[in-house]
Amino acid sequence: MGSRGRVTLQTIAREVGLSKYAVSRSLAGKSGVSDETRTLIRATAERLGYTRPAGQSQTNDIAVVFHDLDAVNSELYMQIQNGVQREAHRLGMALRIRWTHSADQLEELARSCAGLLLVGPHDREAIAAATAVGVPIVRFGWVDPLEQADQITGTDHEAGQAVLQYLIELGHRSICYVNGTPGFRGRRERFYGAREIAERCEDVSLHVLRFDEQAGFGEAFRDLKAKGIHPTAFFCAHDGLALTVVSELLGQGYRIPDDVSVVGFGDFSPATQISPPLTTVKMEGLEGGAVGLRLLLERIENPRLPGMPARRVMIASRIVERRSAGPCRAEPLSN
């Protein structure tokens, strides 16, 4: 097995078939592993001749830090958290879960952990403070163009393309993208993807509705119809918007999907609690959380060297067909 100095935590982990972090916690006397596992690991370490390197940090904790002021994505965040926790449990390691937007708290966590998973729109000051500490960081959410940051993200642009293709195949040619409140980057990316497909089809028109999400759809829709535009399908940038659209359209006498189709985005819990159930795009938050943790552990084990590029890992979404979308009727309604 080699000399005593060459036996590492990873050596022991391979020998016992567990994660390096389960090994580390066992040898440090921390919680998160069973007594049986702790005994096995300590016996294996002794047999292999392991000695802790001088000055080695006692912490191998991972912190998952959610931005605490982003209510729009709360259900997605819970999916990501569940995905991270499931993967951590599989690997036999513990996590610290925090909700904050404080740069000071983020920096403090970076100093006391082996790595960070950052979820949500943490501002540049907070990210810079954590990055300066030097521990590996993986981010869920948007980064700046060519920013050298490891990122787990969804396929917003592709999703927009896929939904437009789906609606066009159903025969829809006048389609409305319901954006709601402007400013969310993911919603813009979905629109850009949808627009690309619409621009390829001479007989397809794509319209955009922007409005106050509290009470603005009805008025915005009336303004659209006043211009002589009568969409046969609505692609909503978020399931919450889709619920508003479905409610308003039903209240105006439209039948869904007989008269008009509605597609959402997210596949959150309300999508199956309305009638008709919502056709939507599923964001794979569970898988994203698990993949993010695996990427972070890889970066901790094999740190990025100077000049080594950052990674972008995209988790592909998929369309979930239910009953709110169907073939286009021969003539659009004008009521």
A.B. asks: Any chance the rings of His238 and Phe184 have centres within less than 6.0 Å?
C.D. replies: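 No.
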A.B. asks: Does the salt bridge (Lys or Arg N to Asp or Glu O under 4.0 Å) test come out yes or no for Arg124 and Asp144, once each step is laid out?
C.D. replies: CA-CA 10 Å; Arg124 291 182 178 179; Asp144 290 336; 3.0 Å; yes
A.B. asks: I'd like to know whether Arg111 forms a salt bridge (Lys or Arg N to Asp or Glu O under 4.0 Å) with Glu107, so could you lay out the CA-CA distance, the side-chain angles of the two residues, the decisive distance to 0.1 Å, and finally the verdict.
C.D. replies: CA-CA 6 Å; Arg111 294 189 183 282; Glu107 181 179 1; 3.0 Å; yes
A.B. asks: Would you find a donor on one side and an acceptor on the other, under 3.5 Å apart, between the side chain of Gln79 and the backbone of Leu76?
C.D. replies: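 No.
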A.B. asks: Please determine whether salt bridge (Lys or Arg N to Asp or Glu O under 4.0 Å) holds for the pair Arg90 and Glu87, giving the CA-CA distance in whole Å, both sets of side-chain angles, and the decisive distance to 0.1 Å.
C.D. replies: CA-CA 5 Å; Arg90 186 184 72 83; Glu87 185 68 7; 2.6 Å; yes
A.B. asks: Considering the options Ile137, Asp150, Val135, which one meets the side-chain contact (heavy atoms from CB on, under 4.5 Å) requirement together with Arg299?
C.D. replies: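 Exactly one pass, corresponding to Asp150.
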A.B. asks: Are Leu118 and Val64 linked, directly or through other ILVMFWY residues, by side chains that come within less than 4.5 angstrom of each other?
C.D. replies: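 Hydrophobic grouping puts Leu118 apart from Val64.
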A.B. asks: Working note: Arg86 + Glu287, criterion salt bridge (Lys or Arg N to Asp or Glu O under 4.0 Å); need CA distance, chi angles, decisive distance, verdict.
C.D. replies: CA-CA 10 Å; Arg86 287 185 187 182; Glu287 177 67 11; over 6 Å; no
A.B. asks: How long is the span from the CG atom in Leu206 to the SG atom in Cys176, to the nearest 0.5 Å?
C.D. replies: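 One finds 8.0 Å between CG of Leu206 and SG of Cys176.
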A.B. asks: What's the spacing between Ser317 OG and Asp156 CG if we round to 0.5 Å?
C.D. replies: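 Separation between the atoms: 7.0 Å.
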A.B. asks: Which word best sums up how the rings of His101 and His67 line up, parallel for under 30°, tilted for 30 to 60°, or perpendicular for over 60°?
C.D. replies: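 If you compare the ring of His101 with that of His67, the planes turn out tilted.
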A.B. asks: Taking the six-membered ring for Trp, are Phe234 and Phe217 parallel (under 30°), tilted (30 to 60°) or perpendicular (over 60°)?
C.D. replies: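 Aromatic pair Phe234/Phe217 classed perpendicular.
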